[in-house]
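Here is the structure we will look at.
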Amino acid sequence: MERERFAWKCLLHALRPYGPPEVWQASFGPDMETALSEEEQALLRRASGIVAGTAKLDASEGGLLSIFDLLDGGTPGRMFRPDAVERFQCPAEQAVRPAEKQERMQRCLEGLKAADGRIEPALEVCRQQLSYYPSGIPGVSLYQKARLEVCLACCMREAGLESPFLLVSCGLPGIQKFLYTISGKGVLKSLRSRSFYLDLLEEHLMTELLDRLHLCRAHRLYVGGGSSYAVLPNTDRTRETLEACLRSVNQWLLKRFSGALQFLYAWEPCSGPQLKNEGGTAYQEIFARLENKLNQKRNRRFDASGLTWLNSQEMSDPERECRVCAGSSLPLDGDDLCPVCREFRDSSSGLAAPGKVAAVCRAVWEEGGTPLTLPSLDGQDWFVYMMDRAQAERLRAEQPGTVVRVYAPGSGGNADIPLPLGAYAYTIDEKMATFEGLAACSQGIRRLGVLRADVDNLGRAFVSGFHRRLQSGETGSGLPLTASLSQQLTQFFKAHLQTILQGTEGPVEPFHLVWNEAGKRSPRKAIVVYAGGDDLFIVGAWNEIVELSVDLYRAFRGFTGGRLTFSAGIGLFSPHYPLYAMAEDTAILEDAAKGIDAGKNGLALFGLELLPDAGGTVRHVARHLYHWDTFIEAVVTEKLYLLERYFEMDRKEQNGRGSSFLYRLKNYAEQLDRTPGQTINVARFAYLLARMEPKKDKRELSDLYHEFSTKLYQWIKDAESRRQLLTAMELYLNLIRTSQEKGEEQPYGE
């Protein structure tokens, strides 16, 4: 209680300079100045000096400058409006009225007053209301500045002034294997449950550690995507607690998942001057030492006891294996499922329901259906039930002590912890769509689209993106910069992603492959399988996945100002194609997109083809590989839209020059692309174009034919334009192709 009271008072003191004095006095009374002792105020001033450095804090004018503009020594110019954190906005060069900030601060103060001295609800109020409120430090919100000052002051109060901070990192390797090596009927249910479980497991571990150490969430720097960071007091008790608890959790994970999941952890003590980057490299060296410790553990994931346990395991049934994970060490039920995979399958139905919260319980709740199982820090089983918030409150009241905590997807409330999730799922008949259902929603060919995307050079951005600013000494520690960057990326890939997929609002107009659908807004027929801190795995109707990828590119470019980019691979598959093969094939395309050139920022579609290189050697090549703007402008807007316009009019005029002619044009273009020296294919292409000419009485079609034939003949003679034309032809033929596949009578919702 004493620690919480100190953190609460530090938070109020950190925020007070930014609000009107009369409002603060009305909310918290005139004795605010004496709430902290002189010694405690000195700790807070020291913490503020570490966070802000020598910067002159002036947040009286303007909005929050974009943290992305500061990367690589950039000059800030674009700013966010002081809106609530949930609102999706792209920074711009704009004026911000003082009244906007006053209104936001007023809402924050109302929330703080309702928190009534409780630090966790107070921090959540600040996150919701002040994440876009300027602190005076370029790119750093008042929320980040205030909560880091609380964190550092609490550490110094516990551990003294000499190396009082312990930077802790926990990694969760093997995420890709855990997610994408499963198979079998209903695999999408298991996949979604596993993805949710990973997000919850990381958040749960960090929350448990902070609770065990009696620390608030201000100490939590970042959680997500398989990595977690925290700043804790550098005391013997902290280190002993970390070692004992993480070892216990890993033993639980080893027995539960047979080595598939394990936390790697390390910590590094540091001082205020090191965090302030004294000497020019001290801040980066802290993270370098921490990463080196983690790498050593990656090379030796299991200790002697863990290896002994793994080697002692016997197959439950030598003749059977789990039909989902292919494991054989756990007993199987009559459906050939191990207990873990059965749990993931049976608990999935509650994950797609809107408005549910995740209640972590110490005991089984008989009315709650099948729960997910999490470890306590003592290695005991705890159980996670998806329920309405009212049910959680009733359970708390009827069975005191049963509910450990409640996680609320999105934003937390007074008693809930926010759990950021990119959990969007398209539904059919109020049930989450299956792979077959998503493929059936496609326009043209019935195929499932799979998108894998990853932010380019993100590690370099965190390690050295703010190096020039840190060198100047004006920013203080790099902690507020990296924490701000982490928060913005998490907000994009967890929260704003759902806004983009819902398609009903947002700063970016949805993109369409069909030329006359511009401006149409509707929910995307897709399901987010995994959304980490910087990477994505999304499945859906193939045409919607291609369109969605452009939506994401445009939104991310607007959000980051182009200072960060991402590359993506998109594969088209039969809905019955094995999941692990979809993941592997699309990962290859993603790698090809990242290898387009040194700048990355690429998109690779469809798959690899066997093509000869300049020396005649046949290699696997991603033919449909482009920078994003080239794909949008040259492939779709210029070439695909022209194909659509012409053949649509040809069909209306009953000219009889439909897809059969386009297939032949495509064949000649492909032959020329493979053997550029055989110019006979150009002549054949031109002859076929001439045969497509409509009769003179069809004037409108004739005018469009002149544009169509002239441009296609120009494009066929240029290698790059010809490649773009082939991609446009592939897209168009997929859009108009009718599926001959059977199985239309199958249900498409799970």
Side-chain angles (χ1 to χ4, degrees), residues 85-86 115 118-125 127-128 170 172 192-212 215-226 228 230 249 261 263 343-344 347-365 368-377 380-396 399 401-425 487 490-491 493-495 497-498 528 530-533:
V85 68
E86 292 87 358
R118 294 170 297 159
I119 187 61
E120 298 295 2
L123 287 169
E124 177 59 12
V125 166
R127 188 191 70 85
Q128 292 180 22
C170 293
L172 192 62
R192 287 262 298 170
S193 293
R194 285 170 178 256
S195 176
F196 173 81
Y197 187 82
L198 289 174
D199 285 330
L200 183 60
L201 179 63
E202 288 186 283
E203 192 70 45
H204 170 73
L205 177 69
M206 180 61 71
T207 305
E208 276 291 283
L209 286 172
L210 293 177
D211 280 1
R212 182 64 60 92
L215 298 172
C216 66
R217 289 171 62 82
H219 294 266
R220 171 189 181 277
L221 288 184
Y222 171 74
V223 176
S228 304
V249 168
L261 287 180
F263 280 104
E343 180 179 292
F344 283 135
S347 63
S348 64
S349 58
L351 303 182
K356 298 288 187 180
V357 297
V360 180
C361 301
R362 289 188 173 89
V364 172
W365 181 41
T370 301
L372 290 170
T373 308
L374 287 174
S376 72
L377 292 187
Q380 302 299 312
D381 287 353
W382 282 358
F383 307 96
V384 182
Y385 295 94
M386 302 302 297
M387 61 181 73
D388 296 330
R389 185 174 272 105
Q391 286 180 301
E393 293 303 322
R394 189 177 75 248
L395 186 60
R396 273 179 168 145
Q399 301 181 32
T402 298
V403 178
V404 180
R405 69 181 60 89
V406 173
Y407 293 96
S411 295
N414 281 343
D416 304 336
I417 296 173
L419 180 64
L421 293 174
Y424 174 90
Q487 183 190 11
T490 299
Q491 194 67 20
F493 286 104
K494 296 291 190 180
L497 173 64
Q498 297 189 57
V528 176
Y530 181 72

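Computed from a prediction, not measured in an experiment: that's the story for all the values here.
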**Study point:** Evaluation steps, side-chain contact (heavy atoms from CB on, under 4.5 Å), between Val403 and Trp365
**Key:** CA-CA 10 Å; Val403 178; Trp365 181 41; over 6 Å; no
Practice item. Step by step, work out the side-chain contact (heavy atoms from CB on, under 4.5 Å) result for Glu203 and Arg220. Key: CA-CA 10 Å; Glu203 192 70 45; Arg220 171 189 181 277; 2.8 Å; yes
Exercise for review: Give the intermediate values and the outcome of side-chain contact (heavy atoms from CB on, under 4.5 Å) for residues Val357 and Met387.
Suggested key: CA-CA 6 Å; Val357 297; Met387 61 181 73; 4.3 Å; yes
Check your understanding: Given Gln487 and Arg127, is the side-chain contact (heavy atoms from CB on, under 4.5 Å) satisfied, shown in steps?
Key -> CA-CA 10 Å; Gln487 183 190 11; Arg127 188 191 70 85; 4.1 Å; yes
**Study point:** Heavy-atom pair with the smallest gap, counting every atom of Arg192 and Ala425
**Key:** NH2-CB, 3.6 Å
Review point. If we only count heavy atoms from C-beta on, is the Thr370 to Phe383 side-chain gap below 4.5 Å?
Key: no
Review point. Do the non-hydrogen side-chain atoms of Trp382 and Val404 ever get within less than 4.5 Å of each other?
Key: yes
Review point. Any side-chain heavy atom of Phe196 within less than 4.5 Å of one from Leu421?
Key: yes
Check your understanding: Between Gln128 and Glu124, do the side chains contain an N or O donor and an N or O acceptor separated by less than 3.5 Å?
Key -> yes
Check your understanding: Any donor and acceptor pair, going by atom type alone, linking the side chain of His204 with main-chain N or O of Pro375 inside 3.5 Å?
Key -> yes
Check your understanding: Is any side-chain heavy atom of Tyr385 less than 4.5 Å from a side-chain heavy atom of Cys361?
Key -> yes
**Study point:** Within-4.5 Å side-chain heavy-atom neighbours: Ser228 and Leu205
**Key:** no
Review point. Hey, does Pro418 have a side-chain heavy atom less than 4.5 Å from the side chain of Arg217?
Key: yes
Exercise for review: Give, for atom CZ of Arg118 and atom SG of Cys216, the distance between the pair rounded to the nearest 0.5 Å.
Suggested key: 14.5 Å
Point to revise | Glu343 side, atom CD; Ser193 side, atom OG - distance, nearest 0.5 Å | key: 9.0 Å
Check your understanding: So do the side chains of Asp211 and Arg405 get within less than 4.5 Å of each other, counting heavy atoms only?
Key -> yes
Review point. Do any N or O atoms from the side chain of Arg194 and from the backbone of Phe344 form a donor-acceptor pair under 3.5 angstrom?
Key: no
Check your understanding: Between CD1 of Ile119 and CG of Leu215, what distance do you get to the nearest 0.5 Å?
Key -> 11.5 Å
Revision key, fill the gap. Taken to the nearest 0.5 Å, the spacing of Leu172 CG from Leu198 CG works out to 6.0 Å
Study note, to complete from the structure: Nearest heavy-atom contact between Ala122 and Ala115 is N-CB, 3.9 Å
Review point. Looking at side-chain heavy atoms only, is the closest gap between Val384 and Pro371 below 4.5 Å?
Key: no
Study note, to complete from the structure: Here the pair of heavy atoms bringing Thr490 nearest to Pro420 is CG2-CB, 4.3 Å
Check your understanding: What are the two closest non-hydrogen atoms of Tyr407 and Val360, and how far apart are they?
Key -> CE1-CG2, 3.6 Å
Exercise for review: Measure across Leu210 and His219 and return the closest heavy-atom pair with its distance rounded to 0.1 Å.
Suggested key: CD2-CB, 3.9 Å
Point to revise | Flag, side chain of Glu393 to backbone of Arg389, donor-acceptor distance under 3.5 Å | key: no
Review point. Roughly how far, to the nearest 0.5 Å, is OG1 of Thr207 from CG of Leu377?
Key: 10.0 Å
